[in-house]
Every structure is written in C-alpha cells, then in structure tokens.
Amino acid sequence: MYWLMKSEPTTFSILDLKSKPQSRDQWEGVRNYEARNYLKAMKQDELAFFYHSNCTVPGIVGIMKVTRTAWPDRTAFDPSSAYFDPQSISENPRWYCVEVELISSFSKIISLQQLRRLSSLSRMRLLQKGSRLSVMPVREAEWEMILSLAA
DNA sequence: GCCAACGTTGGC
DNA sequence: GCCAACGTTGGC
C-alpha cells in the first residue's frame, strides 16, 4: 500500500525530519481512530507522501518509508506531552505510532491547488470536501501520477 | 442510542 | 482570523 501523512510544518516539517539522525523519526501524536487504524495497517518499507497542512502553500513535499511498524505511542502516556490521553493506558494502549525515514524531498512542493486540477486524482480522500483525515491510503495509480508531477 | 454541544482541523 | 466540516463527548 501507499500512504499519505499530514503534518503542520510549524509543528513538524519535512526539514525537521531531514535533520533527525538517519532522517528517521517516530510519527506520533495521531489521535483519530481511523488514522490510527491506517497507521497499524502500515507494513515495513511501505512508502508515504509527506503532506504539509495548515500553512501558506499546503501540499506534498516529499516521500517517506516506513522503517518500523506500529507500536504504542508513548506520548499518550506522558502527562507533560501535548498528546497526552489519560484514557490510553499502557496495559491497553489506544494510540500507536510508526517510524518513518525520509526518502526524498521534492525540489518543488506539489501544491493542493495543483492536485485539485487533475481529474485523475479527484477520488483521493485528501481532496474530498471536508476531509480532515491525517493518515490515509493512496491508490497506486494516484501515487504514480503524483510522482510524475515531482519529476 | 440519539443528538446537541463542543473542540479541532485545515483551507482560504 | 474566519468558518465549514468533522469527530467526540456526555446528558438524557
């Protein structure tokens, strides 16, 4: 499967990921059940687009690889974390994270505006009205189409 | 189980 | 900053 994962660049941008050791980090803080279920469905080495949301030019900025499959998100157990959830207990964790590694950073952002212009992408969950899901699958044909835009 | 109220997301 | 759309909560 292919994926798309959103992050607000003011919180965590593609440059932040790039600056990590081995360009790897934990994708944590997902607090939506559907998004969590997708996180748990991710397999080793699967690829995901990195999407910048809630910013001047929202869009896809690069590609990541899943380097570790889902395990309990410890930020949910940490009262000092912004992602703390008292209802998630370690014996029965509610939230999960994965580890990702940056594979490529696009020289130019593929903007949401640009994506919307392509009728072949109109079925993408990302582009549906009111869609707020932060982790979602991407169809192979859509993945290829978007990759060709990055070239 | 319904649904109003609320908080959040995210484009604009 | 605005606000539509959405998911979650909690009273009943």
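Labels below follow one simple rule: chain letters A, B, ... track the order of the sequence lines, proteins then strands, and each chain is numbered from 1.
- Cluster partners of A:Y83: none. The rule joins Ile, Leu, Val, Met, Phe, Trp and Tyr whenever side-chain heavy atoms lie under 4.5 Å apart, and it links nothing here.
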Mind listing the side-chain donor-acceptor pairs of residues 120-132 of chain A below 3.5 Å, one per line with the distance, residues two or more places apart or on another chain?
from, atom 1, to, atom 2, distance (Å)
A:S122, OG, A:S119, O, 2.9
A:R125, NH1, A:E34, OE2, 3.0
A:R125, NH2, A:E34, OE1, 3.0
A:R125, NH2, A:E34, OE2, 3.3
A:Q128, NE2, A:S122, O, 2.9
A:Q128, NE2, A:R123, O, 3.4
A:Q128, NE2, A:M124, O, 2.8
A:S131, OG, A:R125, O, 2.9

Which side-chain N or O atoms in residues 98-106 of chain A pair as donor and acceptor under 3.5 Å with protein atoms at least two apart or in another chain?
from, atom 1, to, atom 2, distance (Å)
A:E99, OE1, A:T67, OG1, 2.6
A:E101, OE1, A:R24, NE, 2.7
A:E101, OE1, A:R24, NH2, 2.9

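- In this view, A:K20 and A:D25 satisfy the salt bridge (charged side-chain N to carboxylate O under 4.0 Å, His left out) rule, not counting sequence neighbours.
- When the ring-ring contact (aromatic ring centres under 6.0 Å, His included) test is applied to A:W143, the partners found at least two apart in sequence or on another chain are A:Y2, A:F49.
- Under the side chain to side chain contact (heavy atoms under 4.5 Å, CB included) criterion, A:Q87 pairs with A:D85, A:R94, not counting sequence neighbours.
- Here the closest heavy-atom approach between residue A:Q114 and residue A:I110 is recorded as OE1-CA, 3.6 Å.
- Taking A:F50 as the reference, A:W27, A:H52 meet the ring-ring contact (aromatic ring centres under 6.0 Å, His included) condition, with sequence neighbours excluded.
- Residues from residues 124-134 of chain A lying near DNA chain C, meaning a heavy-atom separation below 4.0 Å, are A:K129, A:G130, A:R132 in numerical order.
- Not a single salt bridge (charged side-chain N to carboxylate O under 4.0 Å, His left out) links A:R116 to another residue, sequence neighbours left out.
- Only A:N32, A:Y33, listed by number, bring a heavy atom of residues 31-40 of chain A to less than 4.0 angstrom from any atom of DNA chain C.
- By the ring-ring contact (aromatic ring centres under 6.0 Å, His included) test, A:F84 pairs with no residue at all, sequence neighbours left out.
- Protein chain A contacts DNA chain C over a range whose 5' and 3' limits, counting nucleotides with an atom under 4.0 angstrom from a non-hydrogen atom, are C:dA5 to C:dT9.
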